[in-house]
There are 2 protein chains.
Amino acid sequence: MKKIDILKKLRTSGLRPTKQRVEIAKFLFERDKTFHFTVESLNKLLEKKTSNKFALATIYNTVHAFKSAGHLSEVEVRGKKTYFDTNVSNHHHFYDSENSELIDIDSNDVVIQKIPKAPNGKKIKNIEVFINLKN
Amino acid sequence: MKKIDILKKLRTSGLRPTKQRVEIAKFLFERDKTFHFTVESLNKLLEKKTSNKFALATIYNTVHAFKSAGHLSEVEVRGKKTYFDTNVSNHHHFYDSENSELIDIDSNDVVIQKIPKAPNGKKIKNIEVFINLKN
DNA sequence: ATCCAGTTTATAATAATTCTAAAGTAAAAC
DNA sequence: GTTTTACTTTAGAATTATTATAAACTGGAT
Ligand SMILES: [Mn+2]
Ligand SMILES: [Mn+2]
Ligand SMILES: [Zn+2]
Ligand SMILES: [Zn+2]
């Protein structure tokens, strides 16, 4: 993903491409593999990678803006911090609690044969499979 | 589950059966169906049900002691609060975000046909299936 | 160049949880 | 049964993650 695409990505989702958003977006989206992070880990990585310092509030704002725009998803992981995910397609996760690492599982690599029917009046929105790992 | 069993349950798990622990244990474990709760919701329910008031720290202490003893499990739910579960067997959940309600799914009611193999050097500890509901 | 809505930022506020240390209590030791 | 001990409860302080506030800043339209 090139810089011009980053600008387009922001503009088409109604996000003014500010210096901060562009830099964070480049960091998050100009990569091949999925990136899972917390606001804290992202902040630390940005401090190293870039020369600019971002207010923590800006990182929160930006991450939420990206999430609202559909550029990030949120993953539920045991623990107090919220995890975000650059993979916004429907997929599942391995979780390695040794090093608090999430690993993507393609939706097609999980086949569920049997599932109970949803409670009365409810429908199934989506299914999340979470595979905890050990050594 | 009778009171005598509650006392046994506490004693055999190395928990001194204090007034507070017994009352909370009776509230949690003397029921037929699984009970899912947060510390906040439990606190409110205890305030109504019992005449005694418990310090919030006691509820945290007690819930954690019960969890460590294997009498409660923790469920991962999107949101800031931690959810606990009186069902400590391996099972899955529906989640109704309308009213933040968890509903148990028996382990046998979910059959997974295909799962990716664990990453190198890792083994699968357990699989959690989480089914989000909508109306 | 001017203006304005949207954005950033430092800081304060909030919410959930954990920590602290003093007072209380169950159960062991006498 | 009294004393002793370790464990527990408790109120309040502290911590952590996150959100709110409001003043300064800026992208982009006019
Ligand atoms: Mn979580
Ligand atoms: Mn959670
Ligand atoms: Zn992912
Ligand atoms: Zn359950």
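What you see is a predicted model, and the numbers here were worked out from it, not measured in a lab. Quick note on labels: first sequence line is chain A, next is B, and so on, each numbered from 1.
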### Query
Does atom CG of N99(B) have more than 12 heavy-atom neighbours from other groups under 6.0 Å away?
yes
### Summary
Span of DNA chain D engaged by chain A, first through last nucleotide within the 4.0 Å heavy-atom cut-off, is dA17(D) to dG28(D)
### Query
How many angstroms lie between atom CD of E23(A) and atom OG1 of T50(A), to the nearest 0.5 angstrom?
4.5 Å
#### Entry: L28(B) side, atom CG; F84(B) side, atom CZ - distance, nearest 0.5 Å
10.5 Å
### Message
If the cut-off is 4.0 Å, is Q20(B) near the phosphate of dT25(C), judged by side-chain N/O to OP1 or OP2?
### Response
no
#### Entry: Full working for side chain to side chain contact (heavy atoms under 4.5 Å, CB included) between N43(B) and F37(B)
CA-CA 10 Å; N43(B) 189 29; F37(B) 63 96; over 6 Å; no
### Query
If you measure from CD1 on I131(B) to CD1 on I105(B), what distance do you get to the nearest 0.5 Å?
3.5 Å
### Within residues 56-63 of chain B, residues whose heavy atoms come under 4.0 Å of DNA chain D
A57(B), T58(B), N61(B)
#### Entry: K80(B) NZ to dA15(C) P, straight-line distance once rounded to whole Å
9 Å
#### Entry: Check against ring pair (Phe, Tyr, Trp, His ring centres under 6.0 Å), F29(A) and F66(A)
CA-CA 11 Å; F29(A) 305 126; F66(A) 289 177; 5.5 Å; yes
### Summary
Assert: residue with more 5' nearest nucleotide on DNA chain C, out of P17(B) and F84(B), is F84(B)
### Query
Between CG of D96(B) and CZ of F94(B), what distance do you get to the nearest 0.5 Å?
10.5 Å
### Query
Taking both distances under 3.5 Å as the test for a Watson-Crick or G-U pair, what stems of at least three pairs does DNA chain D have?
C:1-30 with D:1-30
### Query
Tell me: NZ of K19(A) to C1' of dT8(C), nearest whole Å?
9 Å
### Message
Please report the distance, rounded to the nearest Å, between NE2 in H64(A) and P in dG6(C).
### Response
20 Å
### Query
Would a 4.5 Å heavy-atom cut-off, applied to side chains only, mark Y95(A) and S100(A) as touching?
yes
### Query
CG of L15(B) versus C1' of dA27(C): gap in Å, rounded?
15 Å
### Task
Please report, rounded to the nearest Å, how far the C1' atom of dC4(C) is from the CZ atom of R16(A).
9 Å
### Summary
E23(B) CD to dA26(C) C1', in whole Å, measures 17 Å
### Query
How many angstroms lie between atom CG of N90(A) and atom CD of E128(A), to the nearest 0.5 angstrom?
8.5 Å
## Note on the structure
Rounded to whole Å, CG of L42(B) lies from C1' of dA16(C) at a distance of 15 Å
### Message
In terms of relative ring orientation, are H91(A) and H36(A) parallel, tilted or perpendicular, with 30° and 60° separating the classes?
### Response
tilted
### Query
Rounded to the nearest Å, what distance is computed from the CG atom of residue L46(A) to the C1' atom of nucleotide dT9(C)?
16 Å
### Task
Apply side-chain hydrogen bond (donor to acceptor under 3.5 Å, both in side chains) to K122(B) and N135(A), showing your working.
CA-CA 5 Å; K122(B) 300 284 175 181; N135(A) 288 352; 2.6 Å; yes
